[in-house]
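Inspection log for the structure reproduced underneath, given as structure tokens.
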Protein chains: 2
Amino acid sequence: MRKAVALPKRARNAAATRDAILQSALAAFSRNGYDGIGVREIAQAAGVTAVLVNRYFGSKEELFGAAVEIAFSDSTLFEGDPSSLAHRLTEAVIAKTEKDADPIDPLLLLLRSAPNPRAAEILRESIARHFERPLKSLLMGPCASERAAMILAFISGLQLFRKVIGSKALTDGTRAGLYANIKAAFQGLIDRD
Amino acid sequence: MRKAVALPKRARNAAATRDAILQSALAAFSRNGYDGIGVREIAQAAGVTAVLVNRYFGSKEELFGAAVEIAFSDSTLFEGDPSSLAHRLTEAVIAKTEKDADPIDPLLLLLRSAPNPRAAEILRESIARHFERPLKSLLMGPCASERAAMILAFISGLQLFRKVIGSKALTDGTRAGLYANIKAAFQGLIDRD
DNA sequence: GTCTATAGAAAGATAGAC
DNA sequence: GTCTATCTTTCTATAGAC
């Protein structure tokens, strides 16, 4: 591969290096999944060698855990006014799955890493704590936990078809058609009281 | 691992061996995903060595293509009376994601193999041809292709959370709660006329 | 704080014997 | 028709130098 020769020389600083590795890992795991990327490539994109990954994080698995914690740290989408929840979720999932959307996304990281059993265990805990819990407390009526998880399952499925598989029906769908139908499905899961 | 010593001695027959490898591959890719299993293990479970995989299928990628073709060959779930579609899909997805359900399933194979870009390409074509197309022709109203893909996306998302991630909210959910809410989401995607 | 060098395992694929 | 043996590459992780 390419030598990382043109990178701006970071200071020899443990904290800065650790952070560079962590950001590189977040992007790499989101694009390629846990099994689809090696620590060599992650380190190279951060401008260091693979040794430092294990020095600062112990192992690939622990690096993944740290990257997941960052990926799932923003749960603002699942807070706010419950009456406009379906609208906000629909807008967000369409925007996040456009062709030119940010490739760093917690649910893309989840989809692409879940096939690895150890990664799945780490992800289960993080998504429950950061996404299922706040979303559940926005839902009224019975089975709030189940419905919160189902909403996340549907969002994940849409990401799978629009970004990972690249199903033509969904990548080429009109915005209006996407909006109406995705929102109808969300509404079916939200209005249960 | 374990030597395949107690297996019934197959005849030295190309067709039978090819089929044994194919069935072993179908099960292995469904349980572990494309990147989670090696040709050595697939061959061993079929009672042969890895050489024969390449001999009969050319490469791991071509073996995967053949396994996918089998996995997606049964599309009866997406045929029949449109008026009971939501009910049938809901029953099927709950049954397929029970704890003791058959681990061989086309959408589990899809979820666990999609992170690999070459596998994703093969899967995109197969799911469009075998699942999206028949389901689309059952749907009335506008955007039938999009809605068919969204229904499959939702089913995939449920499999992801119930079988791959193991989200507690969905693995421990009551059957009645699951049924009501999953069906409501399907209904939102089906009734658009 | 970061490197080179390397150990040790496992992957996909092939040559050539029987 | 099927095998053993091997090539080549890639992976995670570590020892030890500077």
Side-chain angles (χ1 to χ4, degrees), chain A residues 1-5 7-22 24-25 28-29 31-67 112-113 115-119 122, chain B residues 1-5 7-22 24-25 28-29 31-67 112-113 115-119 122:
Chain A
M1 289 281 173
R2 188 175 49 85
K3 268 293 275 301
V5 66
L7 285 178
K9 268 244 185 310
R10 271 177 306 90
R12 289 167 72 100
N13 176 320
T17 299
R18 205 191 117 101
D19 194 63
I21 293 171
L22 195 49
S24 170
F29 286 135
R31 267 195 310 261
N32 303 107
Y34 185 83
D35 286 332
I37 196 76
V39 294
R40 277 180 181 77
E41 287 178 82
I42 291 171
Q44 181 178 290
V48 295
T49 65
V51 178
L52 296 193
V53 171
N54 287 299
R55 176 153 178 74
Y56 290 130
F57 294 93
S59 68
K60 182 187 185 184
E61 199 174 321
E62 291 174 279
L63 171 65
F64 180 75
R112 293 188 166 126
S113 301
N116 183 290
R118 292 196 214 97
I122 294 169
Chain B
M1 290 281 172
R2 190 175 48 85
K3 265 296 272 299
V5 66
L7 284 180
K9 269 244 183 310
R10 271 177 304 92
R12 289 167 71 100
N13 176 320
T17 298
R18 206 192 116 101
D19 194 63
I21 293 171
L22 195 49
S24 170
F29 287 136
R31 267 195 310 261
N32 303 107
Y34 186 83
D35 287 331
I37 195 76
V39 294
R40 278 178 180 78
E41 287 177 82
I42 291 172
Q44 180 179 292
V48 296
T49 63
V51 177
L52 296 193
V53 171
N54 287 299
R55 177 153 178 75
Y56 289 129
F57 294 93
S59 67
K60 182 187 184 184
E61 198 173 324
E62 290 173 279
L63 171 65
F64 180 75
R112 293 189 166 126
S113 301
N116 183 290
R118 291 197 213 94
I122 294 169

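Values below: every heavy atom of this structure, side chains too, minus hydrogens, waters and symmetry copies. Predicted model, so just to flag it, every value in this text is computed and none were measured.
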Calculate the interatomic distance between [X] atom [atom1] and [N] atom [atom2]; express it in whole Å.
| X | N | atom1 | atom2 | answer |
| --- | --- | --- | --- | --- |
| Y34(A) | dC11(D) | OH | C1' | 11 Å |
| D35(B) | dC11(D) | CG | P | 11 Å |
| L52(B) | dC3(D) | CG | P | 5 Å |
| E41(B) | dA9(C) | CD | P | 16 Å |
| F64(A) | dC11(D) | CZ | C1' | 17 Å |
| R55(A) | dG16(D) | CZ | C1' | 12 Å |
| K60(A) | dC11(D) | NZ | C1' | 8 Å |
| I42(B) | dA13(C) | CD1 | C1' | 14 Å |

**Prompt:** Looking only at side-chain N and O atoms, does T17(A) come under 4.0 Å of OP1 or OP2 in dG1(C)?
**Reply:**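 So the side-chain polar atoms of T17(A) never come under 4.0 Å of the phosphate oxygens OP1 or OP2 of dG1(C).
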
**Request:** Establish, with yes or no, whether the OP1 or OP2 oxygen of dC3(D) is under 4.0 angstrom from a side-chain nitrogen or oxygen of T49(B).
**Result:**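 Checking dC3(D) against T49(B), a side-chain N or O does come within under 4.0 Å of OP1 or OP2.
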
**Request:** To the nearest 0.5 angstrom, please state how far the CG atom of N116(B) sits from the CZ atom of F64(B).
**Result:**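 Going from the CG atom of N116(B) to the CZ atom of F64(B) covers 7.5 Å.
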
**Item:** CD-CG distance between E41(B) and N32(B), expressed to the nearest 0.5 angstrom
**Value:**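 Atom-to-atom, E41(B):CD and N32(B):CG are 7.0 Å apart.
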
**Asked** Hey, does F57(A) have a side-chain heavy atom less than 4.5 Å from the side chain of L22(A)?
**Response**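 Answer yes - side chains close enough.
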
**Request:** With the side chain counted from C-beta on, respond yes when K60(B) and N54(B) share a heavy-atom pair under 4.5 Å apart, and no when they do not.
**Result:**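 They are not in contact (no side-chain heavy atoms under 4.5 Å apart), so the answer is no.
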
Side chain of [X] only, please: which of [options] is the nearest?
| X | options | answer |
| --- | --- | --- |
| A14(B) | dG1(D), dT14(D), dA15(C) | dG1(D) |
| V39(B) | dG12(C), dG1(C), dC3(D) | dG12(C) |
| S59(B) | dC3(C), dA5(D), dA13(C) | dA13(C) |

**Request:** Starting from the 5' end of DNA chain D, give me the residue, R40(B) or R18(B), whose nearest nucleotide shows up first.
**Result:**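 Upstream on the strand: R18(B).
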
**Request:** Just call it for F57(A): base, sugar-phosphate, or nothing, with non-hydrogen atoms closer than 4.0 Å on any strand.
**Result:**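 Here F57(A) touches no strand at all.
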
**Request:** Check every strand shown and say whether L63(A) touches a base, only sugar-phosphate, or nothing at a heavy-atom separation below 4.0 Å.
**Result:**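 Counting heavy atoms under 4.0 Å across all strands, no contact is made by L63(A).
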
**Prompt:** Between I37(A) and A28(A), which heavy-atom pair has the shortest distance, and what is it?
**Reply:**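 Of all heavy-atom pairs spanning I37(A) and A28(A), the closest is CG1-CB, 3.8 Å.
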
